[in-house]
Amino acid sequence: MALKVARRSRIAPFVAMEVLRAANERQAAGEHITHLEIGEPGAGAPAPVIEAARQALGTARIGYTEALGLGSLRQRIARHYGESYGVAADPARIAVTTGSSGAFLLAFLAAFDVGDRVALAAPGYPAYRNILTALGIEPVLLPSGTQSRFQPSVELLRRVEGRLDGLIVASPSNPAGTMLEESDLRQLAAHCRERGIRLVSDEIYHGITYERRAATMLDIEPEALIVNSFSKYYAMTGWRLGWLVVPGDLLRAVESLAQNLFISPPALSQLAAGVAFDCRAELDGYVARYRSNRDLLLGELPKAGFDDFAPADGAFYLYADVSRLTNDSDAFCRRMLAETGVATTPGRDFDPERGHHFLRFSFAGSSADMAEAARRLIAWRR
Ligand SMILES: Cc1ncc(COP(=O)(O)O)c(C=O)c1O
């Protein structure tokens with residue numbers, strides 16, 4: 001008799017990771033692949049972080065830490081809010097987590113029950129919807145396009161039938177890279193406050209912005225759950241470290257959940273990560289490279305027929321409407337990878353309904369890879 005596989009585990013795969021696997025298989029077979037599929041900074045952690053980790057390995061015991069993280073790191077993160085946004089943050093309300101992915105799990109478990117309904121923009125980062133689903137929480141997709149800059153809006157929220165328990169916002173967002181104006185964030189926060197909707201703000205792409213600085217929701221709605229990470233601006237994906245600013249009423253729940261689910265976030269990463277906040281020059285250099293990659297692609301890709309992009313205010317993605325080229329961006333991506341060696345992510349990952357008309361190019365990699373990808377795509381589409 002077949003053994004049971006839990007229904008809750010039947011969530012969609014993260015297609016970008018599956019494309020990465022297919023691309024890596026081709027690479028292992030000797031093909032030269034340009035990686036525009038994965039949202040991972042091409043450069044590694046700043047040099048002082050690596051040095052701090054080396055020193056910690058030699059001098060510190062790499063054991064468990066408190067479940068909410070090392071006090072010194074929590075304090076440093078709190079200071080970052082003062083330095084970067086002019087906002088006071090209480091270190092006691094900061095939970096260090098295993099990437100922002102760990103923060104989402106803690107936030108959703110602490111704030112929502114099975115059967116609760118949480119709104120989020122489609123297109124959006126697929127793990128929001130997939131983690132919610134695995135936890136028995138219903139993701140309510142807000143179909144957002146150019147009119148709302150691929151972001152949630154009060155108007156879209158008003159169109160939702162039935163009650164809502166939560167809203168996730170991300171500015172800049174993945175995959176569109178668009179940002180909400182501070183006034184839009186305020187409107188969303190006011191709407192949620194009036195209706196008792198918990199607000200979760202994913203601020204993982206803060207620092208990677210091209211037009212204006214991002215405002216933190218902590219400044220606008222102190223009761224919101226703020227999620228952030230060392231993965232993107234700080235270029236520390238593999239260190240698996242993020243954080244959550246927790247509202248007072250959820251603090252005890254988050255701590256108990258963290259103790260039981262993770263015991264503690266990775267100690268070595270915690271010992272090294274604090275210095276990342278003092279590496280602005282190096283990290284802003286990475287952002288300058290993302291900007292020039294973005295400009296290169298925006299200049300070159302139209303020559304290959306890709307010319308309809310969401311305005312990439314931040315993050316490192318171009319979300320392209322490819323409906324003039326295909327009705328099936330999955331098949332299109334596979335063919336592109338096979339025929340040109342350029343790996344991208346089909347929109348279905350981000351929007352199950354309309355994603356088949358979209359493609360995401362990630363420009364987090366090297367400038368040489370961007371130029372090579374553009375050259376290959378132009379030759380392909382001739
Ligand atoms: C919008 C967004 N949030 C969260 C994450 C997860 O990042 P991590 O768990 O590495 O902090 C990603 C990764 O791509 C992302 O794009």
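What you are looking at is a predicted structure, and each value in this text was computed from that prediction instead of being measured. Atoms within a ligand are numbered from 1 in the order they appear, just like the ligands themselves.
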Has [X] got any heavy atom lying under 4.0 angstrom from an atom of ligand 1?
| X | result |
| --- | --- |
| Arg240 | yes |
| Thr237 | no |
| Phe230 | no |

At what distance is the nearest protein heavy atom to atom 12 (C) of ligand 1, and which residue and atom is it?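 Here the closest protein heavy atom is Tyr125 CZ, 3.3 Å.
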Among all protein non-hydrogen atoms, which one is nearest to atom 3 (N) of ligand 1, and what is the separation to 0.1 Å?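 Ranked first by proximity to atom 3 (N) of ligand 1 is Asp202 OD2, 2.7 Å.
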Heavy-atom pair of closest approach, residues Pro265 and Ala67: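 Heavy atoms only, the tightest pair is CD-O, 3.6 Å.
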Any idea which heavy atoms bring Ser367 and Ser292 closest together, and the distance?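 Heavy-atom minimum between the residues: OG-OG, 4.3 Å.
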Note: Asp184-Arg149 ion pair, threshold 4.0 Å (strictly below):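 No, this pair does not count.
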Exactly one of Leu156, Ile220, Leu157 should register a side chain to side chain contact (heavy atoms under 4.5 Å, CB included) with Leu188. Which one does?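 Single side chain to side chain contact (heavy atoms under 4.5 Å, CB included) partner of Leu188 among Leu156, Ile220, Leu157: Leu157.
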Using heavy atoms and a threshold below 4.0 Å, how should the contact between [X] and ligand 1 be classified: side chain, backbone, both, or neither?
| X | value |
| --- | --- |
| Tyr128 | side chain |
| Ser100 | both |
| Ser231 | side chain |

Please report whether ligand 1 has a polar contact with [X], defined as an N or O pair separated by less than 3.5 Å (distance criterion only).
| X | answer |
| --- | --- |
| Lys232 | yes |
| Ser101 | yes |
| Asn174 | yes |

Sub-4.0 Å atoms of ligand 1 with respect to non-hydrogen atoms of Gly99: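 The list of qualifying atoms is 9 (O), 11 (O).
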Proximal atoms of ligand 1 relative to Phe104 (non-hydrogen, under 4.0 Å):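 The list of qualifying atoms is 4 (C).
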Option set Trp239, Trp243, Tyr205, criterion heavy-atom distance to atom 16 (O) of ligand 1, minimum: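 When every heavy atom of Trp239, Trp243, Tyr205 is considered, Tyr205 comes closest to atom 16 (O) of ligand 1.
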Measure up the Tyr210 and Phe363 rings against each other and bin them: parallel (under 30°), tilted (30 to 60°), perpendicular (over 60°).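 Ring orientation, 0 to 90° scale: tilted.
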Are Tyr233 and Tyr286, when compared by the centres of their aromatic rings, separated by less than 6.0 Å?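 Not close enough - the centres of the two rings lie 6.0 Å or further apart.
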Around atom CD of Glu353, are there more than 12 heavy atoms of other residues, nucleotides or ligands at under 6.0 Å?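 No - once you tally the heavy atoms of other residues, nucleotides and ligands closer than 6.0 Å, there are 12 at most.
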Report the C-alpha separation of Arg294 and Glu211 in whole Å, then their side-chain angles, then the decisive distance to 0.1 Å, and conclude whether the salt bridge (Lys or Arg N to Asp or Glu O under 4.0 Å) test is met. CA-CA 13 Å; Arg294 179 190 73 152; Glu211 310 303 332; 3.3 Å; yes
Partners of Ala343 by side-chain contact (heavy atoms from CB on, under 4.5 Å), sequence neighbours excluded?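 Expected list: Val19, Ala23, Ile33, Glu37, Leu337.
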